Structures are given as C-alpha cells and as structure tokens.
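Since the structure comes first, as structure tokens, the remarks are kept for the end.
Bear in mind that the values here come from a model prediction, so they are computed numbers and not experimental data.
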Amino acid sequence: MMVFLLLVSFFASVGGAICGIGGGVIIKPALDALNIASVSTISFLSGCTVLSMSCYSVGKALAAKESLVDFKTGTPLALGGAVGGIVGKSLFSALTAMFSQQSVGICQSLCLAALTLMTICYTLNQRRIHTHHITNPVVCVLVGLVLGILSSFLGIGGGPINLVVLYYFFSMSTKVAAQNSLYIILISQITSLGTTLLTGAVPPFQWSWLILMVVGGISGGMVGRKINKRIDDRQVERLFIGLMVIITLISLYNAWRFWAA
C-alpha cells in the first residue's frame, strides 16, 4: 500500500504539473476507488499532496524567472478561490455531518464525473468557441469564488475546472493556463489547509502516508515541470484529455461502489 500511495501521488503530480490540474483530481478518485480510508481523510491527504506539488512548481518557476502567471488576473482569481475554498470546505463538513460517508462519496463522484465530461467536450471543441478576456478584478474574484467552492468540496484542488475557466473567460493558451491554474491552486490550498488546522477539523490519518504522498507530490512536480518545458501545447492538450477520460471512468466506478456499499 505504501508503494502504491507513492506511485499514485507521483504520477498524478507529474500529470498535474504538466497540464496545470494539480494532481488532486487524479489522487482523490484513485484512492476513493481503493476504499483505504474515509472520504474526509482522502480529501485531506490529496489536498496536502497538491499543496506540496503546486508550491514547488510555482516557486521554482518564479525563482527561475520562467513564470507565465498573469498576476493581475491570477491574484484576484486566487483570492476568490481562497474564500471559495473555505465555503466549499464548510459545505463538505455540513454534508458529512448530515449524511453518511457513502452518500457524500456518491455526490462527489457524480459531480466530478459530470465536470470532467464537460471539460472533455469543451477541450475538443475549444477552437470553435469564442473566448473572452475579462480584466475586471471584481468579476475575477467572483469567478475564483465559484472555482474555490467546487474544488474544495470535491477535494481536488482545482484541476480541470480551472483550465476551462482560464481558456474561456481569459483567452489563455494551454501552457499559460497551466501555470496560472497552479498559482490559483497554491493560494486556495494554503487557505484550505490553514482553515482545517485552525478549526481543528483534521481527520484521522497516518503520518507515513502523508509523508510519502508529499514526497511523491514534490518529485512529481519536478519531473512534470521538466516535461512541460519540452512539449508543445498540442501534446499537453492530448495528455489532458486522456487524463480526463480516465478520471471520468474512475469517478463513475466510485459512484457505483459507494451506492452498492
């Protein structure tokens, strides 16, 4: 199990760093499918892994002066995402208190499957879709708020939702969107973890699991960043679509598994 956790966090973070989806959108459904811990614990471990990967990726790009982050747009989005993350976490906590872990798991899995399917459809047709270039900071904050609520509730850290929003509302290219997405994920995950710690809502977990997954997240971020620099936008898009198909299938399986439990 320890080796599997390391491999999942590593490869998810490689794909997450390349495509800008963070990795949580892969880690969360993959661990849910194994049923190795509660929904709350898996969301927490996934969030910590995503935080470590995005921290390395964003920090390394800034230090190397290779960052493509548009701070005028990305910062209001990130701030909105941070607030949305708190709201989403409160929503998740409320639902887990009202319903069973299985019911919450079904809801998360179906929502994630629907979002990834819509993401695939948009990505395949994005060249025929007219995009916008929003600059109003208030609108950016509101968009970030919605992103934060969805990503925090689903326990995925942002992922494909961020990319579609950055494509459509801000007309960003694939690689620029990937870096901006990781920046938004970083800020929202810092806020989410801080809220969890301050409210004492940390679920039970094994430290050995967390350490291994963080190691996998950072090392995956290192490898993913190098690969991202060597491939073009088209290759990134193909990898992204492939990952979305896999995530959709796993999410549908998880919804069935939770229902049958």
Checklist outcome for this item: d(Leu91 CG, Ile149 CD1) to nearest 0.5 Å is 8.0 Å

Item to check | side-chain contact (heavy atoms from CB on, under 4.5 Å) evaluation trace for Ile26 with Ile247 | outcome: CA-CA 6 Å; Ile26 304 171; Ile247 293 163; 3.8 Å; yes

Next on the checklist: Rounded to the nearest 0.5 Å, what separates atom CG in Asn180 from atom CG in Asp70?
Outcome noted: 6.0 Å

Checklist entry - Do other residues, nucleotides or ligands put more than 12 heavy atoms under 6.0 Å from the NZ atom of Lys175? => result yes

Checklist entry - Parallel under 30°, tilted from 30 to 60°, perpendicular over 60°: which one fits the rings of Phe44 and Phe205? => result tilted

Item to check | Within-4.5 Å side-chain heavy-atom neighbours: Met213 and Ile27 | outcome: yes

Checklist entry - Is any side-chain heavy atom of Leu45 less than 4.5 Å from a side-chain heavy atom of Leu5? => result no

Item to check | Working for side-chain contact (heavy atoms from CB on, under 4.5 Å), residues Met118 and Leu115 | outcome: CA-CA 5 Å; Met118 288 188 289; Leu115 286 170; 3.7 Å; yes

Next on the checklist: To the closest 0.5 Å, what do you measure between CD1 (Ile190) and OG1 (Thr195)?
Outcome noted: 11.5 Å

Checklist entry - Within a strict 4.5 Å, meaning less than it, do heavy atoms of the Val143 and Val165 side chains meet? => result yes

Checklist outcome for this item: Rounded to the nearest 0.5 angstrom, the OG-OH distance for Ser109 and Tyr253 is 11.0 Å

Checklist entry - What distance separates Arg257 CZ from Ile250 CD1, expressed to the nearest 0.5 Å? => result 11.5 Å

Item to check | Ile184 side, atom CD1; Ile161 side, atom CD1 - distance, nearest 0.5 Å | outcome: 11.5 Å

Checklist entry - Looking only at heavy atoms, which two atoms of Asn228 and Ala17 are closest? And how far apart? => result ND2-O, 4.3 Å

Item to check | Qualifying ring pair (Phe, Tyr, Trp, His ring centres under 6.0 Å) pairs, either residue in residues 55-76, two or more places apart | outcome: Phe71-Tyr183

Next on the checklist: For the backbone of Phe153 and the side chain of Gln108, can you confirm whether one donor and one acceptor N or O come within less than 3.5 Å of each other?
Outcome noted: yes

Next on the checklist: I want to check something: taking the side chain as every heavy atom from C-beta on, are Phe4 and Leu34 in contact at a cut-off of under 4.5 Å?
Outcome noted: yes

Next on the checklist: What I'd like to find out is whether the side chain of Ser46 reaches to under 4.5 Å of the side chain of Leu31, using heavy atoms alone.
Outcome noted: no

